[in-house]
Amino acid sequence: MRRIRKAVLPVAGLGTRFLPATKAMPKEMLTVVDRPVIQHAVQEALASGIEQLIFVTGRGKTAIEDHFDHAFELEATLAARGKTDALQTVEATNFPPGTIAYVRQQEPLGLGHAVWCARHVIGDEPFAVLLPDDIILGDQPCLAQLLEVYNGLDAPGANLIGVEGVEPEMTRKFGVLDIDHWHEDGVSFTAKGIVEKPEPEDAPSNMAVFGRYILDNSVLKHLDRQESGAGGEIQLTDAIDASIRDGVETLGHLCEGRRFDCGSKEGFVLANVAYALNDGVIGPGLKPAIKALVDDERS
Ligand code: G1P
């Protein structure tokens with residue numbers, strides 16, 4: 001097995017669900033407590049040992065590039081004023097040169113197409129994909145959990161996909177795995193297929209893909225065909241399914257932690273509440289205030 005060094009983060013989406021907030025600002029820059037949504041995924045990837053992040057961007061996304069760069073004036077001002085903590089917070093968003101590469105997806109042709117746009121930067125290695133809308137609150141970074149499982153596999157190449165059980169009526173919002181058999185650990189299974197957004201009656205299981213993948217490089221070969229699938233888009237799910245049919249071992253794994261879908265208003269607000277409550281500084285004071293709000297709502 002080859003080491004996973006690179007991670008692709010597709011960030012080209014328009015964020016129409018959050019208009020007007022996203023009129024002049026990328027949706028990935030909306031904040032969950034004190035940092036943009038995208039920073040949560042970036043921190044997860046780096047804390048999991050990823051060395052290079054490949055952002056697939058589009059028009060109007062330069063705020064993301066600026067966020068992960070030096071901010072000379074701000075840093076100089078903070079240094080001159082002795083604001084060491086704030087300076088450290090800002091410096092922590094800047095990584096060694098070459099850590100982040102940016103490629104453009106010129107047309108919104110789907111998630112599979114976005115990943116395919118990164119193919120030359122990925123090269124011939126297996127790689128991770130993190131969908132930054134999904135953020136996971138837990139003790140161990142979700143990608144680190146997946147990498148631990150991946151590194152213990154014997155297969156020469158494999159796909160490993162983070163999954164969670166969903167209510168049957170929710171399958172139409174996700175990629176869903178077809179389970180071949182569960183492993184003894186009770187949290188991993190071998191998959192024999194994967195379908196994008198099936199109706200509940202067609203869903204092979206309720207094991208839904210959320211935004212964390214480790215993929216065999218052969219998935220890129222399938223994306224080369226540029227075939228569109230569900231919703232008329234080029235789907236990553238279809239390329240993974242094709243690689244399963246080629247014999248690439250593919251596992252689903254239930255990660256520990258609580259997932260929030262920051263691509264929806266409800267998920268985004270809930271993420272803010274959960275991360276705020278989890279914050280050692282503001283959490284304790286917020287808890288009774290949020291409880292009082294909910295109680296007021298009830299009465
Ligand atoms: C994408 C994937 C889907 C996956 C989901 C997770 O869908 O295509 O397979 O389950 O992300 O968030 P999207 O939410 O972009 O429509």
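In this text the structure is predicted, and so the values were computed from the model without any measurement. For ligands, and for the atoms within them, numbers begin at 1 and follow the listed sequence. Positions are given from 1, in the same order as the sequence printed here.
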Using a 6.0 Å cut-off, check whether atom [atom1] of [X] has over 12 heavy atoms from anything other than its own residue.
X: D295; atom1: CG; answer: yes
X: E201; atom1: CD; answer: yes
X: E256; atom1: CD; answer: no
X: L74; atom1: CG; answer: yes
X: E199; atom1: CD; answer: yes

Run the numbers for me: atoms of ligand 1, each under 4.0 Å from some heavy atom of [X], listed by number.
X: T237; result: 9 (O)
X: D134; result: 6 (C), 12 (O)
X: G175; result: 3 (C), 4 (C), 9 (O), 10 (O)

*Charged N to carboxylate O below 4.0 Å: is that the case for D124 and R2?*
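R2 and D124: salt-bridged.
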*Ignoring hydrogens, just give me the one of E196, E233, Q235 whose non-hydrogen atom is nearest atom 3 (C) of ligand 1.*
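Shortest heavy-atom distance from atom 3 (C) of ligand 1: E196.
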*Just heavy atoms, cut-off under 4.0 Å: does V209 contact ligand 1 by side chain, backbone, both, or neither?*
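The part of V209 near ligand 1 is both the backbone and the side chain.
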*Looking only at heavy atoms, is any part of L236 under 4.0 Å from ligand 1, and if so is it the side chain, the backbone, or both, or is it neither?*
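Under 4.0 Å from ligand 1, L236 contributes no heavy atoms.
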_Heavy-atom side-chain contact between V115 and V56 under 4.5 Å_ =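 No, too far: nothing below the 4.5 Å cut-off.
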*ligand 1 and K197, any nitrogen or oxygen pair closer than 3.5 angstrom?*
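Indeed, backbone or side chain, K197 has an N or O that close.
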*Could you tell me whether atom 7 (O) of ligand 1 has at least one protein heavy atom nearer than 4.0 Å?*
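Protein heavy atom within 4.0 Å of atom 7 (O) of ligand 1: present.
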*Under-4.0 Å heavy-atom contact between protein and atom 12 (O) of ligand 1*: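 Within 4.0 Å of atom 12 (O) of ligand 1, protein heavy atoms are found.
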